[in-house]
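Let me begin by presenting the structure, written as structure tokens, before commenting on it.
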Amino acid sequence: MTCAVTALFATITISLAAPDKGALMAKEQAAWQAFKDKNADGFKKVVHADFRGVYDEGISDLQKELDDMKKWDMKSFTISDYNIVSVGTDTVMSTYKVVVEGTYDGKDASGTFNAGSVWKMAKGGWQAIFHTNVKQGAAER
């Protein structure tokens with residue numbers, strides 16, 4: 001009986017802690033939308049203060065992301081092929097493709113990107129702690 005009750009509580013705890021793919025995709029979408037809209041406060045709601053990003057132009061922290069936000073004129077973005085993998089009860093990795101139309105610092109930055117984020121449960125919600133994306137090569141399209 002004790003084993004059965006323990007197993008039941010363990011299952012309930014795991015299912016409550018397990019991230020929902022749709023909810024995390026909504027968070028990912030919210031981060032992109034806030035960035036597109038140049039909404040720094042909205043962006044900071046879904047991105048951890050100790051955030052790090054790795055891109056072809058260098059390594060970024062939250063302040064650099066906010067500074068770069070001002071240089072973007074993003075017309076649209078579309079996320080597809082979204083998948084998540086749980087890494088423990090409070091960390092999730094996501095991978096996806098994102099098609100972006102826009103300019104960065106006046107230069108065309110449109111394209112299809114392979115992207116990934118790491119999300120951590122913090123302050124009662126999921127926050128992005130890491131992000132990377134790389135533009136797809138011609139052979140991958």
Side-chain angles (χ1 to χ4, degrees), residues 2-141:
T2 303
C3 290
V5 171
T6 302
L8 175 64
F9 281 120
T11 302
I12 290 170
T13 302
I14 289 169
S15 67
L16 290 175
D20 174 74
K21 181 178 172 181
L24 277 172
M25 186 172 174
K27 290 277 190 180
E28 200 90 52
Q29 185 89 17
W32 278 91
Q33 190 66 48
F35 194 92
K36 176 186 175 289
D37 295 343
K38 301 179 190 229
N39 178 351
D41 290 335
F43 190 71
K44 288 190 259 185
K45 286 181 183 176
V46 292
V47 176
H48 195 276
D50 292 328
F51 170 88
R52 294 296 183 267
V54 176
Y55 311 103
D56 63 347
E57 63 271 1
I59 296 173
S60 185
D61 61 11
L62 180 57
Q63 187 57 55
K64 182 159 181 4
E65 291 286 318
L66 296 173
D67 293 343
D68 285 347
M69 181 186 293
K70 297 172 189 171
K71 297 177 184 179
W72 266 96
D73 182 17
M74 193 180 299
K75 302 292 184 204
S76 67
F77 68 91
T78 305
I79 294 173
S80 65
D81 301 331
Y82 193 80
N83 287 296
I84 62 171
V85 176
S86 292
V87 186
T89 58
D90 67 347
T91 307
V92 174
M93 294 183 298
S94 65
T95 57
Y96 58 97
K97 293 184 188 296
V98 61
V99 177
V100 175
E101 284 188 53
T103 59
Y104 175 77
D105 213 12
K107 297 177 184 145
D108 184 36
S110 301
T112 300
F113 295 81
N114 296 317
S117 299
V118 177
W119 294 85
K120 184 159 182 69
M121 182 60 78
K123 298 181 184 176
W126 291 102
Q127 291 189 311
I129 60 172
F130 178 81
H131 179 77
T132 188
N133 61 58
V134 61
K135 197 170 193 175
Q136 281 188 354
E140 294 180 77
R141 293 188 189 134

Quick one: does [X]'s side chain get under 4.5 Å of [Y]'s, heavy atoms only?
| X | Y | answer |
| --- | --- | --- |
| Trp32 | Lys36 | no |
| Gln33 | Phe77 | yes |
| Asn83 | Met93 | no |
| Lys135 | Asp56 | no |
| Lys120 | Phe130 | no |
| Val92 | Ser86 | yes |
| Leu62 | Phe43 | yes |
| Glu65 | Val47 | no |

Approximate separation, where rounding is to 0.5 Å, of [X] [atom1] and [Y] [atom2]:
| X | Y | atom1 | atom2 | result |
| --- | --- | --- | --- | --- |
| Lys97 | Ser80 | NZ | OG | 7.0 Å |
| Ile129 | Met121 | CD1 | CE | 12.5 Å |
| Lys123 | Lys45 | NZ | NZ | 13.0 Å |
| Gln29 | Met25 | CD | CE | 6.0 Å |
| Asn39 | Leu66 | CG | CG | 10.5 Å |

Q) Between Val118 and Thr91, does a side chain to side chain contact (heavy atoms under 4.5 Å, CB included) hold up when you go through it step by step? A) CA-CA 7 Å; Val118 177; Thr91 307; 3.7 Å; yes
Ignoring hydrogens, what is the shortest heavy-atom contact between [X] and [Y]? Give both atom names and the distance.
| X | Y | result |
| --- | --- | --- |
| Gly42 | Ala34 | C-CB, 3.8 Å |
| Trp72 | Thr103 | CE3-O, 3.3 Å |
| Ala122 | His48 | CB-CD2, 4.0 Å |
| Asp20 | Ile84 | C-CD1, 4.3 Å |
| Glu28 | Trp119 | OE1-NE1, 3.0 Å |
| His131 | Ser117 | ND1-OG, 2.8 Å |

Q: Run through Asp61, Asp68, Asp67 and flag the one making a side chain to side chain donor-acceptor pair (under 3.5 Å) with Lys64.
A: Asp68
Q | Intermediate values then yes/no, side chain to side chain donor-acceptor pair (under 3.5 Å), Gln136 and Thr112 | A | CA-CA 6 Å; Gln136 281 188 354; Thr112 300; 4.8 Å; no
Q) Got a donor-acceptor contact below 3.5 angstrom from the Thr132 side chain to the Val54 backbone? A) yes
**Q.** Backbone of Gly102 reached by a side-chain donor or acceptor of Lys75 within 3.5 Å
**A.**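 No: the side chain of Lys75 does not pair with the backbone of Gly102.
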Q: Indicate the ring-plane relationship of Tyr96 and Tyr82, choosing parallel, tilted or perpendicular according to the 30° and 60° boundaries.
A: tilted
